[in-house]
2 protein chains.
Amino acid sequence: MAQFNTSTPSGFPEFTPAQERVRQHWIQVISDVFESNGFCPINTPLVEREENFLAKGGNAKEMYVLKRLLDDDGDASHSGNAVRFDHTVPLALYVARHLNDIKFPFRRYAIGPVMRGERAQKGRFRQFDQCDIDIIGSENLSLLNDALMPAIIIQIFEKLNIGDFVVRINNRKMLTGFAKTFNIDEKSYLDVLDQKEKVSLETFHKMFEALRPNSDYDEKTKEVNALTQQLSKEEYKLYTLEWRDFFKIARTRLEGKVHEEYLEGLDELEHVWKVLKEDFQVPQSRFQYDISIARGLDYYTGTVFETTLVGSENLGSICSGGRYDDLAEVFTGKKLPGVGISIGLTRLLSQLFDAGIVKTNRSSPTDILVLAQDPQYMSEALQLGASLRSSGLRVENYLEPKKIGKQFDYANKLGIPFCAVLGEYEIRDGTVQIKNMSTGEQQTVPREEVAQSLKGLLT
Amino acid sequence: MAQFNTSTPSGFPEFTPAQERVRQHWIQVISDVFESNGFCPINTPLVEREENFLAKGGNAKEMYVLKRLLDDDGDASHSGNAVRFDHTVPLALYVARHLNDIKFPFRRYAIGPVMRGERAQKGRFRQFDQCDIDIIGSENLSLLNDALMPAIIIQIFEKLNIGDFVVRINNRKMLTGFAKTFNIDEKSYLDVLDQKEKVSLETFHKMFEALRPNSDYDEKTKEVNALTQQLSKEEYKLYTLEWRDFFKIARTRLEGKVHEEYLEGLDELEHVWKVLKEDFQVPQSRFQYDISIARGLDYYTGTVFETTLVGSENLGSICSGGRYDDLAEVFTGKKLPGVGISIGLTRLLSQLFDAGIVKTNRSSPTDILVLAQDPQYMSEALQLGASLRSSGLRVENYLEPKKIGKQFDYANKLGIPFCAVLGEYEIRDGTVQIKNMSTGEQQTVPREEVAQSLKGLLT
């Protein structure tokens with residue numbers, strides 16, 4: 001036999017069946033939440049025209065294109081197509097394609113694979129599933145949509161039951177406003193803010209000063225910077241302050257001292273906060289303010305979100321997103337603001353499996369394996385299997401002419417919880433022997449009561 | 001604004017949201033049936049190593065490969081990967097990768113996109129979803145697995161409720177046995193059989209003779225050929241003959257006159273028939289014998305299936321498959337026989353939408369749109385929305401500050417069946433106005449009864 005390397009290509013992962021069953025359960029939960037909030041499903045093709053991706057800021061270095069292995073049929077339409085690297089640019093193209101049919105605001109979700117030709121490394125995949133929602137407005141989109149996003153993140157992760165988590169919220173206008181106030185570079189400012197939880201107040205203070213070496217450290221700057229430090233530290237995560245007071249203090253102390261864009265962002269944040277607290281009645285433990293969150297600097301323009309699994313902060317954000325001004329102006333000539341979130345499903349689940357936070361169950365969906373103790377009882381076993389299946393159970397008949405011990409081995413290996421055995425006595429008496437594969441317990445049940453009895457055992 | 005062609009690339013289709021909702025419902029039904037028969041999900045990567053596909057008979061002319069747009073990072077692992085064109089070769093690779101962990105017989109299902117670089121034409125897609133199941137045995141696989149396949153096809157299409165359908169069954173050994181009997185080319189013989197329902201008996205007769213121009217048309221040949229004709233025509237579709245008689249006649253008349261492979265196939269077919277009739281108790285209207293079914297000549301070796309939608313035979317087979325001897329010998333050195341079926345979901349649904357056989361419903365999953373008659377009632381509207389959603393309804397709040405008429409327009413355009421309106425009187429009285437959007441009927445309901453009342457209206 002020739003030697004083939006049958007492993008999956010580097011960066012293209014494959015879950016085990018037991019993991020895949022978890023993945024499917026997650027997709028079900030996530031899409032149920034999306035739909036229960038009125039998002040409709042869109043499934044754009046895996047590829048779009050290359051030039052469209054490039055026009056919307058697609059990173060050429062990470063983009064995969066599709067080619068025919070033999071480019072010999074003279075059909076140019078095989079070329080020039082690139083694989084989607086996210087669900088946002090395909091959404092922009094979808095909206096451009098159907099602009100006149102879409103009733104805005106447009107709520108859509110997309111769940112499926114995207115590809116990025118990154119360097120392969122642990123936890124970095126080249127193909128991975130993303131689960132996205134976006135709400136797109138025509139010209140305008142109310143800030144209430146921004147507040148809906150964390151509410152949906154919370155619905156999802158509470159249902160997925162992976163432990164305590166926090167949605168961290170910021171507003172890009174506050175960042176930009178600060179940077180404009182002191183005429184410092186926003187990117188460098190963010191790098192400093194990123195360190196806020198890792199360094200002492202004093203170091204943080206010095207890092208900020210280093211951003212503006214030639215400026216006086218005057219009273220106004222001192223005051224603003226003192227507040228920035230406070231805002232950046234634990235005590236300002238709104239655990240200790242009543243939220244109305246937080247916004248009052250920030251506004252009173254900073255009004256007239258900072259660029260107005262900061263105050264605009266503060267107002268937006270307060271509005272989102274109010275809706276989460278008072279209208280959606282989200283518990284305060286589920287969300288907090290984090291001045292260091294920025295997400296894509298070129299893309300997001302207002303509210304931004306990240307979500308942290310408490311105690312597993314090293315996993316990074318498990319669900320992120322934000323508000324943007326321009327979904328598809330380059331394609332449509334129209335102003336289409338939006339807000340959205342995305343869950344990097346493959347990466348997240350891989351991490352959660354590795355960390356033992358999400359555990360897999362059995363690899364087979366089968367509830368009951370029906371066994372014939374001898375091939376002569378196969379016909380009755382098949383009838384029993386079919387009747388149990390009609391009653392709503394997930395049933396498999398063992399179909400090979402193997403000894404009963406081998407059949408039990410199969411059930412054990414696949415983690416099938418129950419076997420229903422038909423042998424000489426059961427056939428004679430019109431009964432079935434039910435074996436609980438984890439306890440080894442066996443019981444004999446009249447044929448007409450088997451379905452009911454198994455349903456009871458399975459709950 | 002620059003001009004972009006934002007249409008989907010040729011051969012890469014995109015459903016509307018309403019169609020996509022049907023597609024998702026179908027995937028749910030299909031995977032539920034697969035799981036209720038004990039098949040576990042496998043989700044192999046979209047790409048595999050090119051040489052592995054080519055080793056398993058992948059058609060190089062239809063194969064798409066993945067390349068980085070800029071091939072500049074010197075990482076060879078970006079190259080040499082091709083996109084899967086079916087789920088069978090990826091299954092062979094999956095089995096090779098996990099040979100020692102798999103407990104045989106191995107039941108797996110796969111639902112997802114595959115790509116083929118065919119010439120683009122109506123109804124021929126370059127990306128399309130396939131829904132596959134296969135059962136793989138180690139060395140041997142009982143014929144009972146062959147009988148399970150039509151049983152599963154029938155479970156699926158009865159649940160999908162698309163009208164009357166028939167699973168047509170054949171056995172490749174019968175075809176091969178006939179061809180060997182007369183030393184005629186199997187492919188040419190099939191071409192003749194393919195015409196059986198389109199031509200007169202006499203023409204069919206002549207076509208058969210033309211296959212063997214230099215042979216005598218002796219008694220033996222006459223007899224076999226007469227039976228072939230009969231077997232090929234309506235009266236032998238087992239509607240009129242009791243099935244045991246059919247097999248008895250075929251065996252008695254042909255024994256000693258045809259190649260033994262024919263009789264082997266006949267025995268297998270009879271066994272499949274018996275299990276379907278007697279054990280699975282499938283009604284006779286759901287399956288029939290069709291001598292002209294062959295599927296892939298190089299691949300299938302025993303039982304083969306096609307499924308026809310009665311009255312829409314022009315759609316071709318809506319679900320096909322069969323028995324094969326060798327899944328992955330080239331990769332594993334082991335004999336791994338299997339049997340499987342496949343539904344070409346994208347193509348089938350497109351055809352059914354076009355033919356009006358499957359109708360789409362509304363594009364939005366939302367059951368109830370909650371409206372504030374004036375922005376001052378938004379807070380109460382958001383609370384109402386959240387509470388209806390907790391009670392299990394799919395609820396959307398209209399979040400933009402628009403006049404009530406515009407809000408109703410939105411509900412109508414999306415096909416949302418009910419609106420829950422909060423205005424001055426409702427706030428004062430603690431009620432909600434519920435509007436049935438298809439009848440225009442309105443009723444005022446106490447706030448605490450809204451969820452129950454809407455659930456009643458939605459059923």
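Here is how names work: the chains are called A, B, and so on, in the same order as the sequence lines, proteins then strands, and each is numbered from 1. The basis for the numbers below is simple: all heavy atoms, side chains too, and nothing from hydrogens, waters or symmetry mates.
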Proximity breakdown for [X] and chain A, heavy-atom pairs closer than 4.5 Å:
{"X": "D367(B)", "result": "neither"}
{"X": "P13(B)", "result": "backbone"}
{"X": "N81(B)", "result": "side chain"}
{"X": "P17(B)", "result": "both"}
{"X": "D101(B)", "result": "backbone"}
{"X": "E380(B)", "result": "neither"}
{"X": "L393(B)", "result": "backbone"}
{"X": "S363(B)", "result": "backbone"}
{"X": "R108(B)", "result": "neither"}
{"X": "R49(B)", "result": "both"}
{"X": "A82(B)", "result": "neither"}
{"X": "Q383(B)", "result": "both"}
{"X": "L414(B)", "result": "side chain"}

Got a donor-acceptor contact below 3.5 angstrom from the [X] side chain to the [Y] backbone?
{"X": "R362(A)", "Y": "I416(A)", "value": "no"}
{"X": "S142(A)", "Y": "L144(A)", "value": "yes"}
{"X": "E118(A)", "Y": "K61(A)", "value": "no"}
{"X": "R116(A)", "Y": "E62(A)", "value": "no"}

Report which part of [X] has an atom under 4.5 Å of a heavy atom belonging to chain B: side chain, backbone, both, or neither.
{"X": "P113(A)", "answer": "side chain"}
{"X": "Q19(A)", "answer": "neither"}
{"X": "E35(A)", "answer": "both"}

Open item on the list: Any heavy-atom pair between the side chains of F106(B) and I42(B) that's under 4.5 Å?
Closed with: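 Counting from C-beta outward, I42(B) and F106(B) do come under 4.5 Å.
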
Task: Any pair counted as salt bridge (Lys or Arg N to Asp or Glu O under 4.0 Å), so long as it reaches residues 7-25 of chain B, sequence neighbours left out - done: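 The answer is R97(A)-E14(B), E20(B)-R23(B), R23(B)-D129(B).
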
Just so I understand: if I count every heavy-atom pair under 4.5 Å between each of [options] and chain A, which residue has the most?
{"options": "L141(B), N52(B), T44(B), T6(B)", "answer": "T6(B)"}
{"options": "L382(B), L54(B), I135(B), T366(B)", "answer": "L382(B)"}
{"options": "K67(B), M63(B), M378(B)", "answer": "K67(B)"}
{"options": "A386(B), S7(B), S390(B)", "answer": "S7(B)"}
{"options": "T16(B), N397(B), L46(B)", "answer": "L46(B)"}
{"options": "E278(B), K413(B), Q28(B), R126(B)", "answer": "R126(B)"}

TODO: Give, for atom OG1 of T8(B) and atom CD of Q127(B), the distance between the pair rounded to the nearest 0.5 Å.
DONE: 10.0 Å

Task: Those residues that, when tested against R84(A), pass salt bridge (charged side-chain N to carboxylate O under 4.0 Å, His left out) (two or more places apart) - done: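 Partners of R84(A) by the salt bridge (charged side-chain N to carboxylate O under 4.0 Å, His left out) criterion come out as none, since no residue qualifies.
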
- [ ] May I ask you to check if R107(A) and F39(A) form a cation-pi contact, with NZ or CZ under 6.0 angstrom from the six-membered ring centre and within 45° of the axis?
- [x] yes

Between [X] and [Y], is the ring centre distance below 6.0 Å?
{"X": "F125(A)", "Y": "F12(A)", "answer": "no"}
{"X": "Y410(B)", "Y": "Y398(B)", "answer": "yes"}
{"X": "F34(A)", "Y": "Y109(A)", "answer": "yes"}

Heavy-atom pairs under 4.5 Å with chain B: which of [options] has the most?
{"options": "V275(A), I368(A), D279(A)", "value": "D279(A)"}
{"options": "E51(A), Q281(A), R119(A), K274(A)", "value": "R119(A)"}
{"options": "D409(A), L369(A), V395(A)", "value": "V395(A)"}
{"options": "A96(A), G11(A), A60(A)", "value": "A60(A)"}

Do you see a donor-acceptor pair shorter than 3.5 Å between the side chains of [X] and [Y]?
{"X": "E400(B)", "Y": "N145(A)", "result": "yes"}
{"X": "N43(A)", "Y": "Q24(B)", "result": "no"}
{"X": "Y94(B)", "Y": "E48(B)", "result": "no"}

